[in-house]
Q: 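Have a look at the structure that comes next, please.
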Amino acid sequence: MGTESAVAPRPPALALVEDGEAAAALADEWAPEHLEVQTGDDDWYLWRLRNYGSLFVGESATVAYSDKAIGTNHVLPTGRAARYTGGLWVGRFFKTLTYQRVTSDEGTRLVGPPTRDICHAEHMWAHAITVDKRLERLADDRRRHTGDRPA
């Protein structure tokens with residue numbers, strides 16, 4: 001591949017790089033609010049680039065179209081924030097709920113000891129106690145079922 005060029009967001013600059021991979025890496029580092037891609041292999045850039053507010057692919061696409069007519073929005077990350085977030089979209093208004101469920105005693109036996117070790121290493125004693133209580137319950141249950149007495 002020949003020498004590729006990329007334009008920095010601010011101050012205006014031109015960077016000459018060896019190939020498309022270097023151009024994509026540089027664009028991802030800059031993480032621009034708007035990024036236009038007009039190359040002989042636009043699809044490659046579409047799938048390779050990761051850090052931009054909004055991407056305009058091909059010679060017919062333009063920032064103006066997106067900002068004024070066909071874009072998803074005009075609320076985009078600035079100041080290189082595209083390295084960790086994207087443009088505003090309806091999903092930003094949804095509340096995300098997460099949960100965990102351990103469905104077997106074996107799960108507790110597997111995850112308990114390393115979790116307790118991490119809690120101790122981080123000096124999170126109350127968290128470690130919650131693990132210990134669950135492991136103790138399993139040990140008590142096992143003793144009850146086998147008729148063993150606690151040591």
Q: Considering residues, nucleotides and ligands other than R48, do more than 12 of their heavy atoms fall under 6.0 Å from its CZ?
A: yes
Q: Calculate, to the nearest 0.5 Å, the distance between atoms CG and CZ belonging to D141 and R144 respectively.
A: 4.5 Å
Q: Would you compute the distance between atom OG1 of T85 and atom CG of L76 and round it to the nearest 0.5 angstrom?
A: 10.5 Å
Q: I'd like to know if W47 and Y52 are part of one continuous hydrophobic network [Ile/Leu/Val/Met/Phe/Trp/Tyr, side-chain heavy atoms within less than 4.5 Å].
A: yes
Q: Between R137 and D105, does at least one N-O distance fall below 4.0 Å, as a salt bridge requires?
A: yes
Q: Mind checking the OG1-NE2 spacing from T62 to H34? Nearest 0.5 Å is all I need.
A: 9.5 Å
Q: Do H127 and V131 touch side chain to side chain, with heavy atoms closer than 4.5 Å?
A: no
Q: For D42 and T39, which heavy atoms make the closest approach, and how far apart are they?
A: OD1-N, 2.6 Å
Q: Determine whether the aromatic ring centres of residues H123 and W125 are separated by less than 6.0 angstrom.
A: yes
Q: Kindly give the heavy-atom pair with the smallest separation between P113 and T108, and that separation in Å.
A: CD-O, 4.0 Å
Q: Quick one: closest heavy-atom pair of A82 and G53, and the distance?
A: CB-N, 3.7 Å
Q: Taking R83 for the side chain and R80 for the main chain, is one N or O donor matched with an acceptor at less than 3.5 Å?
A: yes
Q: Tell me the closest heavy-atom pair linking A61 and Q38, and the distance in Å.
A: O-NE2, 4.3 Å
Q: Please report the interatomic distance CG(L135) to CG(D140), rounded to the nearest 0.5 Å.
A: 11.0 Å
Q: Using the side chain to side chain contact (heavy atoms under 4.5 Å, CB included) rule, pick out the option among M124, E122, R116 that qualifies with H120.
A: R116
Q: Would you give the length of the straight line joining atom CD of E21 to atom CG of L26, rounded to the nearest 0.5 angstrom?
A: 11.5 Å
Q: Check A27 against P32 and note the closest heavy-atom contact, atom names and distance.
A: O-CD, 3.4 Å
Q: Flag yes if V63 and L35 sit in one hydrophobic cluster, no otherwise; membership is Ile, Leu, Val, Met, Phe, Trp, Tyr, and two members link when side-chain heavy atoms are under 4.5 Å apart.
A: no
Q: Rounded to the nearest 0.5 Å, how far does CD of E106 lie from CZ of R109?
A: 6.0 Å
Q: Any sub-3.5 Å donor-acceptor pair from N51's side-chain atoms to D28's backbone N or O?
A: yes
Q: Give the C-alpha distance, both sets of side-chain angles, the deciding distance and a yes or no for side-chain contact (heavy atoms from CB on, under 4.5 Å) between F56 and V37.
A: CA-CA 6 Å; F56 310 91; V37 172; over 6 Å; no
Q: If hydrophobic clusters are built from ILVMFWY residues whose side chains come within less than 4.5 Å, do W44 and L55 share one?
A: yes
